[in-house]
Amino acid sequence: MPEERRELLEMEGSVENIVYHNDQNQYTVLEITGGDELITVVGTFPFVSVGETLHLYGTWTSHATFGRQFRAEAFERSRPETTAAMLKYLSSGAVKGVGPAIAAKIVEKFGDDTIRILEDDPESLATVKGVTLEKARQISAEMRRVNGIRDLMAFLGAFGVRPEDAVKVWKVYGQAAVACVQEDPYRLTAEEIGVDFAVADRLAASMEYEPENVERIKAGVRYVLSHNLLNGHTCLPADKLTPAAASLLHVPLENAVAALETLCRDLDLVLEEFNGRQFVFLPKWHRMESYAAERIRMMLRIPPPPITDVEEEIREIEQEQGIEYAAMQREAIRAALEKGLLILTGGPGTGKTTALNAIIRILMEKGETVFLAAPTGRAAKRMTELTGVEAKTIHRMLQVDWDDEDQPTFQRSERNPLECDAVVIDELSMVDSYVFESVLRALPPGCRLILVGDSDQLPSVGPGNVLHDLLVSGVLPTVQLTEIFRQSMQSLIVTNAHRIVHGQMPELRVRNNDFFFLPARDARSTAETVVGLASVRLPKSYGYSPLTDIQVLCPGRKGDAGTVELNRRLREEINPPAKDKPQVTVRGTVFRLGDKVMQIKNDYDLPWSRPDGTTGEGVFNGDMGIVAAVDRDAGCLRVVIDDREVLYDFEHAANELELAYAVTVHKSQGNEFNAVVMPVFPGAPQLSYRNLLYTGVTRAKKLLILVGTRAEIERMVENDRKTRRFSGLKYFLALGSGNAPAGPGAPLPPL
């Protein structure tokens with residue numbers, strides 16, 4: 001028995017009934033025999049069926065509605081041994097092609113030998129009335145498949161591999177999965193499976209793998225590359241990759257270097273040299289970034305027909321709206337219409353939206369179909385409000401779907417391009433390399449592309465540094481708006497944001513504008529002030545809703561002024577427990593009616609509905625909503641996200657939702673809030689830098705309050721540590737262009 005199970009309670013019983021099962025995360029509620037009574041068991045049970053005998057490891061818990069339950073943390077299964085158990089097992093539909101009637105005939109004919117016949121002897125199975133030889137072979141293959149997955153789960157589970165990861169292994173290797181893993185345990189760390197290297201190392205150690213085994217070192221090098229995707233890197237310099245791998249593996253550096261050479265020679269990894277430095281890619285990410293660069297170069301070589309002589313249209317819009325475009329705004333409008341490919345960038349108050357509205361209007365007046373999209377639902381909604389034209393999330397525009405390996409893919413591509421003449425993408429700083437490549441693949445020939453973003457925002461959560469790379473490449477037509485318009489100059493949020501970007505301290509002494517600083521002596525008093533502002537003072541003084549208008553943004557999660565502690569305190573002030581507020585606790589997380597929550601991962605097939613009857617799928621990382629119902633009987637939450645209703649079963653909610661009274665600045669990207677309260681007290685040094693402060697400040701539309709110390713604000717302003725990412729897009733773009741970007745973090749070329 002694995003070490004971690006020894007302190008858990010044990011129980012064994014036959015599965016009598018499956019009350020509930022979620023195919024996506026395998027969360028299951030089942031009933032097992034426990035002497036003379038049925039015992040309710042909850043946990044993760046992939047491919048469990050009635051009639052199986054389970055040996056469970058877990059703890060007793062008490063549910064407010066369903067009473068005493070056994071929460072299983074791990075389990076082992078036995079094949080049905082008695083004829084009664086076999087009949088129940090087969091009748092449950094566990095084996096595709098076998099229903100209750102056929103099951104009864106099979107068990108009656110073969111008795112205790114039923115399982116062996118089903119797996120290994122289709123010819124004998126075909127002697128059962130109603131079972132042809134072809135059907136017998138199909139049943140036999142299905143039986144081997146089901147049992148093979150279960151055996152694989154049992155084998156891998158002993159070393160800490162999760163059931164969902166075992167299913168991924170099966171999808172890659174099929175019937176040979178156990179043999180393939182035994183031959184090379186480090187196959188588990190491949191990107192399409194994603195098991196932690198330490199788990200694979202533990203399995204390999206049980207097989208007496210030597211630490212300097214070549215396959216182990218090669219897997220370690222690949223793992224360092226894959227793991228760094230989580231840090232946003234699509235590639236790594238070879239001179240950083242090999243020392244990191246050697247350190248992980250505790251082997252000499254020369255061993256890691258030799259393994260890297262072998263991997264590149266065998267095309268398991270791709271090596272590129274940029275400016276005399278070698279960079280290493282996983283093949284998939286090399287294809288993405290090199291394709292994106294080539295597609296952009298093609299769009300520059302073969303642009304759509306230019307739209308010229310638009311001065312009259314520009315003057316008409318100016319007269320109609322009573323405005324006068326600045327010189328760079330006019331340049332942006334002309335460039336988008338004449339060149340067909342444009343990056344429009346600039347900070348708050350510089351008129352990006354005003355220029356963009358003119359571009360969209362003129363394109364539509366010229367008879368062109370224009371699609372607008374943004375990375376998140378909130379950003380798309382705001383884009384719709386600002387332009388008057390419907391905007392969709394990029395995933396919705398590209399029609400997200402799932403491939404055979406349950407990975408997100410898009411229906412719109414080269415084979416099924418978008419039916420439009422122009423595409424406008426907003427909040428480009430949030431777009432990662434995969435999504436950007438997918439957008440480019442979906443563009444029809446001759447389609448215009450206008451990319452809008454703020455280069456000083458934090459980069460995307462996913463791998464890549466798309467906006468930065470496009471800008472430093474110097475290849476794309478770019479207009480950077482820098483002039484702050486007079487009406488925006490009246491906002492201290494806007495002017496202070498620009499001061500921060502230029503390395504200047506924001507004005508902190510003004511008391512009659514929209515930007516305030518409240519000093520605090522320590523982290524605890526910082527937290528107390530933040531909680532008081534968000535729950536009482538701002539709602540009372542401004543009439544703001546603490547749920548929909550006010551957002552607390554934190555640099556990090558930990559400490560008294562981090563999101564974890566502030567969420568706890570804010571919830572107790574804003575949404576305290578009450579008799580008329582049902583709540584549920586799932587794996588230590590409490591969800592209460594009226595709670596403000598955030599989706600923390602992309603879930604491409606989570607269904608939603610709107611009051612008008614519209615339905616769809618997909619809820620994405622950063623989407624925020626309110627818990628509108630807690631249904632204990634149905635075991636689910638109903639969450640309203642913008643204008644959509646989403647149902648989560650309790651286990652799903654625990655995996656994908658977090659309280660959102662306070663969120664990190666990183667998670668707030670793409671959102672704007674009427675009022676933002678941000679603690680700025682010394683914490684983790686890696687979270688004390690200029691871009692993070694700037695991004696937090698620019699999330700506020702009407703009111704921004706910093707709480708903490710002036711010294712911490714100074715530290716953040718002075719630390720111009722751009723979020724350093726290694727990526728290849730800028731280099732691929734520069735190939736053949738005569739431009740050679742200096743490397744990650746290179747300054748923008750002059751306009």
Query raised in the report: Hey, does the side chain of Asp612 reach the backbone of Thr614 with a donor-acceptor pair shorter than 3.5 angstrom?
Result: yes
Query raised in the report: Angle class for the His652/Tyr648 ring planes (parallel below 30°, perpendicular above 60°, tilted otherwise)?
Result: perpendicular
Report task. Answer yes or no: does atom CG of Asp309 have more than 12 heavy-atom neighbours from other residues, nucleotides or ligands under 6.0 Å? Result -> no
**Report entry** Exercise: identify the closest heavy-atom pair between Leu481 and Gln329
**Finding:** CD2-N, 3.9 Å
Query raised in the report: Just wondering, are more than 12 heavy atoms of other shown residues or ligands nearer than 6.0 Å to CD in Glu273?
Result: yes
Query raised in the report: In terms of the angle between their ring planes, are Phe281 and His286 parallel, tilted or perpendicular, with boundaries placed at 30° and 60°?
Result: perpendicular
Query raised in the report: For Trp608, does its backbone N or O pair with a side-chain atom of Arg644 as donor and acceptor, under 3.5 Å?
Result: no
Query raised in the report: When you measure from the side chain of Arg699 to the backbone N and O of Gln551, does any donor-acceptor pair fall under 3.5 Å?
Result: no
Query - Over all atoms of both residues, closest heavy-atom pair of Gly728 and Glu289 - result: N-OE1, 2.7 Å
Query raised in the report: Going by heavy atoms in the side chains, are Glu338 and Pro477 under 4.5 Å from each other?
Result: no
Query raised in the report: Under a 4.0 Å N-O cut-off, is there an ion pair linking Lys667 with Glu658?
Result: no
Query raised in the report: Do Asn416 side-chain atoms and Gln411 backbone N/O form a donor-acceptor pair below 3.5 Å?
Result: yes
**Report entry** Close side-chain approach of Pro348 to Tyr694, heavy-atom, < 4.5 Å
**Finding:** yes
Report task. Mind listing the closest non-hydrogen atom pair of Val697 and Ile493 along with its distance? Result -> O-CG2, 3.8 Å
Query raised in the report: Any sub-3.5 Å donor-acceptor pair from Arg725's side-chain atoms to Gly464's backbone N or O?
Result: yes
Requested in this report: Output yes when a side-chain donor or acceptor of Asp266 lies under 3.5 Å from a complementary backbone atom of Asp268, and no otherwise.
Outcome: no
Report task. Please find out if less than 6.0 Å separates the ring center of Phe274 from that of Phe732. Result -> yes
Report task. Would you check if the side chain of Glu318 reaches a backbone N or O of Tyr325 as a donor-acceptor pair within less than 3.5 Å? Result -> yes
Requested in this report: Any chance you could lay out the salt bridge (charged side-chain N to carboxylate O under 4.0 Å, His left out) test for Arg448 and Glu368, step after step, and finish with the verdict?
Outcome: CA-CA 10 Å; Arg448 302 177 196 281; Glu368 297 207 350; 3.1 Å; yes
**Report entry** Closest contact, heavy atoms only, Thr234 versus Ser727
**Finding:** OG1-CA, 3.1 Å
Query raised in the report: Is the number of heavy atoms from other residues, nucleotides or ligands under 6.0 Å of Met298 CE greater than 12?
Result: yes
Query raised in the report: Distance only, no hydrogens: is a donor on one side chain within 3.5 Å (strictly under) of an acceptor on the other, for Asp469 and Tyr731?
Result: no
Query raised in the report: Does a donor on one side chain sit under 3.5 Å from an acceptor on the other, for Glu390 and Thr384?
Result: no
Query raised in the report: How about Pro607 and Thr615: do any of their side-chain heavy atoms sit closer than 4.5 Å?
Result: no
Requested in this report: Report yes or no: does Arg441 contribute a side-chain atom to a donor-acceptor pair with the main-chain N or O of Arg295 at less than 3.5 Å?
Outcome: no
Query raised in the report: If you draw a 6.0 Å radius around NZ in Lys701, do more than 12 non-hydrogen atoms from other residues or ligands fall strictly inside?
Result: yes
Query raised in the report: Can you check whether Asp239's main-chain N or O pairs, donor with acceptor, with Thr242's side chain at less than 3.5 Å?
Result: no
Query raised in the report: If you measure from OG1 on Thr345 to CG on Asp454, what distance do you get to the nearest 0.5 Å?
Result: 5.5 Å
Query raised in the report: Considering all heavy atoms of both residues, which atom of Asp642 and which atom of Val640 are nearest to each other, and what is their separation?
Result: O-CG1, 3.4 Å
**Report entry** Test applied, side chain to side chain contact (heavy atoms under 4.5 Å, CB included); reference residue, Asn691; option that passes from Leu458, Val501, Ile500
**Finding:** Leu458
